[in-house]
J.: 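Here it is: the structure, laid out below.
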Amino acid sequence: MIRLGVNIDHVATVRNARGERFPEPIAAAHAAVLGGADQITLHLREDRRHIRDADVELIRAGLAIDLNLEMACTEEMVAIAKKVKPTHVCLVPEKREEVTTEGGLDVATNRDVVKSTIDELRTAGIPVSVFVDPDEQAMLAANEVGADIVEIHTGRYANAATSGAGAVARELLAIRQAATTAKQLGLRVHAGHGLDYRNVWRIAALPEIEELNIGFAIVSRALFVGLPAAVREMRDEMLRARELAGQDL
Ligand code: PXP
C-alpha cells in the first residue's frame, strides 16, 4: 500500500490573501479525509505565510487521521511540535524569500543542528523525517543523524518534464537509486514536491516508497471538482500505478 498525505497549506494561502477567516484549513482537512486522505500535511513556516499555529492545533485536535508537520530546525518549531505531538515531523530547509521549498535539507552541512533537532523530537516520542534531495550521500547523512524516514524531494523530476523524456528518466533513476539505498539502510521512504496528476504514477510505482505528500496540484484541482474528488482522483492514480508496478510501465 502507498499512503497519500494531503498538504493543505494553499487553502490557508487563499484565506490569508484576503485577510479572511475562510476558506478554513480545518474544513479542508475534513474534506480531504472524505476523499480518502491517509494523512494531513501542514508546513508551519517561520513567517506564517499560510498555515498558522491555531490551524495546526485545531487540525490536531479535530482529526482522527495522521498529521505530518513540516518545519524548520529551530527551537521555536521544536517547542510547537512537542506541544502538538504530530504523528511525525518532516524537517525541511527554509528560506524566507523562496516561493516554496526549493531544495532538500543539506543534512551533512547542518549536521549538528539537524541531529540535535532529531534527538529532541525522538525523545518526545515523535518520529522524524528529513526532506532530502535524491542522492546517495544525502541518504547516508540522514541515516547517520538518526532520522527514521527520508522524504525524497521530487521537484527536479517534476521540472524535468519540460526538458524531455531523457531528463525525466535520469531524475527518476536518481529517485529510484536513492530510495533503494535508504531502504537498505533501514530508513522508511516518503516522497513529494511538484507531483501532479500526470507525473505521479512513475513515483507511486516505486515499491520502496510508502507515502507521497502532495499539495499544490490537489488544491488546484479542487477548484474545479471539489477537494474530496481531487483527493480521490490522486489516490486512484497512485493505487493504479502501484497495482501496475511490475508490469511494463
Ligand atoms: N513535501 C514537502 C516536504 C514540502 O515542503 C512540500 C511543499 O510544501 C510538499 C511535499 C508538497 O509539494 P507540492 O505542493 O508541490 O505538492
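It should be emphasised that the depicted structure is a prediction, and the values quoted were computed from it without experimental measurement. One-based numbering, in listed order, for ligands and for the atoms of each. Sequence positions, counted from 1, serve as the residue numbers for this chain.
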J.: Charged N to carboxylate O below 4.0 Å: is that the case for E208 and K183?
T.: no
J.: Any nitrogen or oxygen of E70 lying under 3.5 Å from a nitrogen or oxygen in ligand 1? Just yes or no.
T.: yes
J.: Without hydrogens or angle criteria, can the side chains of E171 and N159 be said to hold a donor-acceptor pair below 3.5 Å?
T.: no
J.: So does E144 pair up with R111, basic N to acidic O under 4.0 Å?
T.: yes
J.: If you measure every N or O of G194 against every N or O of ligand 1, does any of those distances drop under 3.5 Å?
T.: yes
J.: Relative to the heavy atoms of N7, which atoms of ligand 1 are at a distance of less than 4.0 Å?
T.: 8 (O)
J.: Mind checking whether C90 has an N or O less than 3.5 Å away from an N or O of ligand 1?
T.: no
J.: When the ring planes of F216 and H10 are compared, do they come out parallel, tilted or perpendicular, using 30° and 60° as the limits?
T.: perpendicular
J.: Is E233 paired with R221 through a side-chain N to carboxylate O contact shorter than 4.0 Å?
T.: yes
J.: Tell me: protein heavy atom nearest atom 7 (C) of ligand 1, and distance?
T.: H193 CD2, 3.7 Å
J.: Can we say D196 and R198 salt-bridge, meaning some charged N sits less than 4.0 Å from an Asp/Glu carboxylate O?
T.: no
J.: Of the protein's non-hydrogen atoms, which lies at the shortest distance from atom 16 (O) of ligand 1, and what is that distance?
T.: G215 N, 2.8 Å
J.: Show me, pair by pair, the donor-acceptor contacts under 3.5 angstrom made by side chains of residues 68-79, not counting sequence neighbours?
T.:
residue, atom, partner, partner atom, Å
N68, ND2, T41, OG1, 3.3
T74, OG1, M77, N, 3.2
E76, OE2, R48, NH2, 2.8

J.: Got the closest protein heavy atom to atom 14 (O) of ligand 1, with its distance?
T.: F216 N, 2.9 Å
J.: Show the atoms of ligand 1 that are less than 4.0 angstrom away from any heavy atom in V92.
T.: 3 (C)
J.: Should R60 and D55 count as an ion pair when the cut-off is N to O under 4.0 Å?
T.: no
J.: I want to know if ligand 1 touches E151 in the polar sense, i.e. an N/O pair below 3.5 angstrom.
T.: yes
J.: Return the residue, atom name and 0.1 Å-rounded distance of the protein heavy atom closest to atom 11 (C) of ligand 1.
T.: N213 O, 3.8 Å
J.: For G192, is at least one N or O under 3.5 Å away from an N or O on ligand 1?
T.: no
